[in-house]
Q: 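Below: one structure in structure tokens.
First listed ligand is number 1; within each ligand, the first listed atom is number 1. The figures that follow rest on heavy atoms only: side chains count, while hydrogens, waters and symmetry mates do not. Sequential numbering from 1 along the given sequence is applied to the chain's residues.
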Amino acid sequence: MRKILLAAASIAAFALVGPATAQSPIVIKFSHVVATNTPKGLAAEKFKELAEKYTDGKVKVEVYPNSQLYKDKEELEALQLGAVQMLAPSNSKFGPMGVKDFEVFDLPFLLPNLASLRKVTEGPIGQTMLKKLDSKGMIGLAYWDNGFKQMSANKALRMPEDYKGLKFRIQSSKVLEAQFRLLGATPQVMAFSEVYQALQTGVVDGQENTPSNMYTQKFHEVQKYTTLTNHGYIGYVVVVNKKFWDDLPADVRGQLEKAMKEATVYSNEISEAENVEALDEIKKSGKTQIINPTGAEMAAMQKAMDPLYQDMASRVGKQLIEDVRKTTQGVTN
Ligand code: LMR
């Protein structure tokens, strides 16, 4: 795969930013792993529309959804090598690159609602975190929402002990790994594009994701139970190859920044409704039994996961966790 990436990168090097002419627009390849009819998929399309409009065709955005070009880990390598210019990986996927701060968003029950999340991403904490990506050859342009995660498995999940002995697919985050270990389950890191088949064939027993991701990938069709836990959050950082971005003509970069700003507003406006609608469709399908956990069951889950804050402090940053808690205290939707 590395060879293919290198070949793609050298081809991409020829296509790197030169003065745009009517014949040769600047091409932004925007790769992502989810379906088009998801918050991220729709926001990427919105960015394409606005970027092409504001640059008057000087920029062409090619969106590649559904891991068509690259899977999770490969897409980050491809971005660093310049084989693609733009991505929007979930926060959970930056850890293996050495930027562990983003795993703070994986801590269960840390962010009770979207308003508290916004206080973090739009304030100094979120902006300081984006700056950390510069040293990895990428620039963090924006935070895009997906939503809150639900648990699913072929077994009814209500209490912490229900997770014991089951295998769960996780994203590549040490916090998520520790979360499932605390529950006595076995976590398995797996690319998003491989999850449906892994669930269908029993390679893993369960997974956690947003209703939108579950519905558009048909996870609900191969999971007997879905428990509405809202225990954690999935959101994205839109990243661009740093050299590509820095080399853009200033006026074009300004137009793209405007397009990104507006696409971000759009993304964060539609995400909640997209997830509500997806959950409705999942319910209507009748293919998975929906479990609404009781207050006592949720309290037990929260208690079981609480040691994570201590265990993960050295990885994610004790100060960062405290800062997020302070920033979100008392914030209601
Ligand atoms: C996942 O891997 O479960 C998600 O991060 C996929 C995505 O990009 O929403």
Q: When you look for protein heavy atoms under 4.0 Å from ligand 1, which residues do they belong to?
A: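 Ligand 1 is contacted, at a heavy-atom distance under 4.0 Å, by Val33, Val34, Lys40, Ser90, Lys93, Arg169, Gln171, Phe192, Asn209, Asn213, Tyr236.
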Q: Would the number of heavy atoms belonging to other residues, nucleotides or ligands and lying under 6.0 Å from CG of Asp56 be above 12?
A: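 No, not enclosed.
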Q: How many angstroms lie between atom CG of Leu248 and atom CD of Glu257, to the nearest 0.5 angstrom?
A: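 Going from CG on Leu248 over to CD on Glu257, the span is 9.5 Å.
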Q: Is the distance between the ring centroids of His220 and Tyr215 under 6.0 Å?
A: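 That pair passes the under 6.0 Å test.
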Q: Tell me whether Asp246 is salt-bridged to Lys242, with the criterion being a basic N under 4.0 Å from an acidic carboxylate O.
A: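 Salt bridge present between Asp246 and Lys242.
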Q: Got a salt bridge between Asp280 and Lys284, using NZ or NE/NH1/NH2 to carboxylate O under 4.0 Å?
A: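 Looking at Asp280 and Lys284, the cut-off is not met.
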Q: Working to the nearest 0.5 angstrom, can you tell me the gap between Ser90 OG and Phe102 CZ?
A: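 One finds 11.0 Å between OG of Ser90 and CZ of Phe102.
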